[in-house]
Amino acid sequence: MSTELNGAAAELLINVTPSETRVALIENGVLQEVHIERLDKKGIVGNLYKGKVSRVLPGMQAAFIDIGLDKAAFLHASDIVVRNDDDEGKPSKVPDITELARQGQFLTVQVIKDPLGTKGARLTTDITLPSRYLVFMPGSKHVGVSQRIEDPKDRNRLKSLVGQHTDKDGSYIIRTAAEGVGEAELSQDAAFLKRLWLKIVQRRQLSKTSALLYEDLSLSLRLLRDFVGISIAKIRVDSKLTYQMLDKFTQEFVPELNELIEYYPGERPIFDLHDTENEIKRALERKVELKSGGYLIIDQTEAMTTIDINTGAFVGHSNLEDTIFSTNLEATKAIARQVRLRNLGGIIIIDFIDMAQDEHRRRVLSALESAFSHDRVRTNISKFSQLGLVEMTRKRTRESLEHVLCQECSSCKGRGTLKTTESLCYEIFREVIRVDRAFSADRFVVYASVDVCDALLNKETHYLADLELFINKEVKIQAEPQYGHEKYAVVMM
């Protein structure tokens with residue numbers, strides 16, 4: 001069985017170590033997505049909790065919920081769903097938080113966003129439990145069908161079959177993978193989800209305080225479940241134990257993927273295939289080279305991500321407007337790939353090179369939308385603004401690749417730049433003068449990094465001589481190899 005994903009040969013590589021699992025999605029030999037789960041920082045999206053309202057904030061239309069984690073989770077009024085009997089069980093959202101939550105109240109909640117940075121997890125009361133073909137919605141009476149199932153006859157057939165399993169406990173959404181699936185498979189899925197929900201209800205009733213009621217599958221199993229209906233040609237895993245677990249899981253729940261799973265015993269690391277390891281390293285760089293000679297600059301901030309396109313060394317056309325158009329057009333595919341690969345979410349601002357022709361802008365925007373059509377994460381792309389910027393949003397549920405793999409620089413503290421050596425020399429001058437005027441010391445010792453000390457002692461710049469002449473006191477310079485570039489100390493003697 002060899003199939004294709006979005007017209008491209010697709011492969012999953014699963015790398016497992018005792019405390020970390022990494023999954024790479026390869027299309028046509030090129031890395032498109034990477035997912036990482038570490039034992040000590042396991043994602044909690046999809047988990048269900050019995051949570052206690054610790055604080056209600058009417059001004060923010062939200063509440064903080066204690067679900068047993070270090071940080072209180074956040075529940076906005078728009079994510080609290082009340083289902084009525086007169087609307088086929090469809091959710092009816094009430095805006096006033098004071099009518100929906102009170103301090104000390106217990107709620108059944110589901111995590112829709114992992115804790116990100118200083119923010120706690122984002123919650124909803126609109127519970128969903130996914131399986132191969134169905135998603136169970138407790139309390140709902142409405143049967144939904146994936147919009148990607150386009151055949152009207154099959155949509156009606158599926159709704160009729162699944163509707164038989166709707167009762168007081170809840171109803172279902174029919175996933176894309178259910179297209180053409182028979183009654184037996186759908187009934188099996190519905191029964192499984194119903195049993196799972198009844199167990200969750202039982203745990204909630206037995207628990208006296210905040211508690212985990214349901215934990216979503218591990219990364220490798222979760223991705224196999226979520227990739228049902230999306231064609232994969234091969235799944236390779238380098239752990240024998242994980243291979244056996246995946247084999248058992250797919251036999252029971254995803255039989256169509258079972259024959260695609262292979263144990264990879266090769267001496268060469270599995271992430272060296274398709275240059276995956278190096279591609280991940282390149283995805284952490286700020287600059288992304290384009291084949292034409294142009295390049296992207298990608299900057300992540302807490303509020304948004306900005307992507308700047310530059311022609312760089314590309315001078316392939318005699319007409320400047322055509323050169324700019326070609327660079328912007330090429331950039332659209334690179335942007336879509338980098339956003340998926342880096343798992344960028346939230347607000348993304350794209351600064352294309354200014355184009356004079358409306359037709360060029362239209363074609364670039366169309367190419368960008370086409371490039372993102374393969375993204376499994378929901379995106380929304382706006383038209384060019386008056387400033388020539390394209391604003392887009394991408395649903396963010398987990399940390400970006402950079403936030404998972406990197407930490408704040410101890411030298412620049414996240415600024416991304418360091419003060420020049422010259423600036424530090426003058427800063428040290430001012431500190432010595434300030435201390436001298438405040439305490440009137442006899443002499444001073446300045447401890448600083450090696451490069452700053454070299455600059456202070458350079459006879460051509462006269463830094464030290466000028467300082468000693470200005471305060472009329474001796475200043476000794478002492479290099480400290482352990483000091484970072486911007487660290488220094490002024491000591492009175």
Side-chain angles (χ1 to χ4, degrees), residues 6 25 27 30-36 43 45 74 76 78 112-119 122 279-292 294-312 324-355 360-406 408 414-416:
N6 298 321
L25 172 65
E27 294 177 16
V30 179
L31 178 66
Q32 297 293 341
E33 295 180 24
V34 59
H35 303 265
I36 299 174
V45 170
F74 182 82
H76 193 268
S78 63
I112 54 177
K113 285 186 181 179
D114 275 330
L116 300 172
T118 58
K119 299 177 182 177
R122 179 80 179 256
E279 283 293 322
I280 294 174
K281 291 177 182 178
R282 285 190 281 270
L284 299 175
E285 295 176 1
R286 183 169 177 256
K287 185 174 182 180
V288 179
E289 302 282 355
L290 301 177
K291 291 182 179 179
S292 64
Y295 60 91
L296 313 178
I297 296 294
I298 302 176
D299 287 312
Q300 288 187 64
T301 68
E302 188 170 345
M304 67 183 70
T305 298
T306 61
I307 303 176
D308 183 35
I309 297 94
N310 298 273
T311 54
I324 291 172
F325 172 62
S326 296
T327 304
N328 283 340
L329 207 58
E330 180 188 11
T332 58
K333 292 182 179 179
I335 290 169
R337 176 175 179 258
Q338 290 298 321
V339 166
R340 287 177 67 191
L341 180 54
R342 297 169 188 239
N343 194 25
L344 301 176
I347 300 171
I348 301 172
I349 306 295
I350 305 172
D351 185 9
F352 285 103
I353 309 167
D354 289 341
M355 293 173 285
H360 284 176
R361 285 193 290 271
R362 186 193 65 77
R363 289 175 62 184
V364 166
L365 189 63
S366 176
L368 185 67
E369 292 170 343
S370 176
F372 273 102
S373 65
H374 304 318
D375 194 349
R376 296 183 299 115
V377 178
R378 186 174 71 248
T379 59
N380 182 33
I381 301 173
S382 301
K383 295 180 179 179
F384 276 91
S385 71
Q386 291 183 339
L387 298 177
L389 305 174
V390 172
E391 301 173 7
M392 65 171 288
T393 58
R394 185 173 187 263
K395 186 178 179 181
R396 175 164 55 190
T397 57
R398 303 179 190 275
E399 294 272 20
S400 69
L401 185 64
E402 180 181 295
H403 288 158
V404 171
L405 298 180
C406 303
E408 184 182 86
R415 288 201 319 266

> Hey, are Asp375 and Arg394 close enough for a salt bridge, meaning a charged N less than 4.0 Å from a carboxylate O?
yes
> Is any side-chain heavy atom of Leu31 less than 4.5 Å from a side-chain heavy atom of Leu25?
no
> Spell out, as yes or no, whether a donor-acceptor pair under 3.5 Å connects the side chain of Asp299 to the backbone of Thr306.
no
> Would you say Ser366's side chain and Arg363's backbone share a donor-acceptor pair under 3.5 angstrom?
no
> Could you tell me which non-hydrogen atom of Asn310 sits nearest to which non-hydrogen atom of Ile353, and how far apart they are?
C-CD1, 3.9 Å
> Quick one: does Leu389's side chain get under 4.5 Å of Phe384's, heavy atoms only?
no
> With salt bridge (charged side-chain N to carboxylate O under 4.0 Å, His left out) as the criterion, how do Glu27 and Arg340 come out once you've worked through the C-alpha distance, each side chain's angles and the decisive distance to 0.1 Å?
CA-CA 12 Å; Glu27 294 177 16; Arg340 287 177 67 191; 3.4 Å; yes
> Find out whether Asp351 and Ile309 are in side-chain contact, i.e. whether some heavy atom of one side chain is under 4.5 Å from a heavy atom of the other.
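A side-chain contact under 4.5 Å is absent here.
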> side-chain contact (heavy atoms from CB on, under 4.5 Å) between Leu116 and Arg398: does it pass, once the steps are laid out?
CA-CA 7 Å; Leu116 300 172; Arg398 303 179 190 275; 5.8 Å; no
> What's the separation between atom NZ in Lys333 and atom NZ in Lys291, rounded to the nearest 0.5 Å?
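It is 9.0 Å, given to the nearest 0.5 Å.
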> Run the side chain to side chain donor-acceptor pair (under 3.5 Å) test against Arg396 and tell me which residues pass, sequence neighbours left out.
none
> Are side-chain heavy atoms of Gln338 and Ile298 found at a separation under 4.5 Å?
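A side-chain contact exists here, since the closest heavy-atom pair is under 4.5 Å.
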> Nearest 0.5 Å, what's the NE2-CG distance between His403 and Asp114?
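Output value for this atom pair is 13.5 Å.
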> Taking 4.0 angstrom as the limit, do Glu289 and Lys287 come out as a salt bridge?
yes
> With a cut-off of 6.0 Å (strictly less than), are more than 12 heavy atoms of other residues, nucleotides or ligands near CD1 of Ile347?
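Incorrect, the count does not exceed 12.
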> Does the side chain of His76 come within less than 4.5 Å of Arg122's, by heavy atoms?
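The answer is yes, as the side chains (C-beta and beyond) meet within the 4.5 Å cut-off.
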> With side-chain contact (heavy atoms from CB on, under 4.5 Å) as the test, would you mind laying out the steps for Val390 and Leu365 before giving the verdict?
CA-CA 8 Å; Val390 172; Leu365 189 63; 4.3 Å; yes
> Evaluate the criterion side-chain contact (heavy atoms from CB on, under 4.5 Å) for residue pair Val45 and Lys113; output intermediate values, then yes/no.
CA-CA 6 Å; Val45 170; Lys113 285 186 181 179; 5.5 Å; no
> Just wondering, do Leu284 and Leu405 contact through their side chains at under 4.5 Å, heavy atoms?
yes
> When rounded to the nearest 0.5 angstrom, what is the spacing between CG in Asn343 and CD in Glu399?
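Asn343 atom CG to Glu399 atom CD measures 9.5 Å (nearest 0.5 Å).
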> How long is the span from the CD1 atom in Ile348 to the OG1 atom in Thr393, to the nearest 0.5 Å?
8.0 Å
> Quick one: pull up CD1 in Ile335 and CZ in Phe372 and give me the separation to the nearest 0.5 Å.
7.0 Å
> Please lay out, stage by stage, how Asn380 and Lys395 fare under the test side-chain contact (heavy atoms from CB on, under 4.5 Å).
CA-CA 9 Å; Asn380 182 33; Lys395 186 178 179 181; over 6 Å; no
> His360: which residues meet the ring pair (Phe, Tyr, Trp, His ring centres under 6.0 Å) condition with it, sequence neighbours left out?
Phe325
> When you compare the side chain of Ile307 with that of Ile297, does any pair of heavy atoms fall below 4.5 Å?
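Sidechains of Ile307 and Ile297: no contact.
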> Taking salt bridge (charged side-chain N to carboxylate O under 4.0 Å, His left out) as the test, write out the residues that go with Arg342, two or more places apart.
none
> Working to the nearest 0.5 angstrom, can you tell me the gap between Leu368 CG and Leu329 CG?
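Rounded to the nearest 0.5 Å, the CG-CG separation comes to 10.5 Å.
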> Hey, is Glu391 close enough to Lys383 for a salt bridge, meaning N to O under 4.0 Å?
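No, no charged N to carboxylate O under 4.0 Å.
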> Check step by step if side-chain hydrogen bond (donor to acceptor under 3.5 Å, both in side chains) holds for Gln300 and Thr305.
CA-CA 4 Å; Gln300 288 187 64; Thr305 298; 4.7 Å; no
> Would you mind checking if Glu279 and Arg282 are paired as a salt bridge, meaning a charged N to carboxylate O distance below 4.0 Å?
yes
> Looking only at heavy atoms, which two atoms of Leu296 and Ala331 are closest? And how far apart?
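In terms of heavy atoms, the two residues are closest at CD2-CB, 3.8 Å.
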> Could you check whether any side-chain heavy atom of Ile324 comes within less than 4.5 Å of a side-chain heavy atom of Asn328, counting everything from C-beta outward?
yes
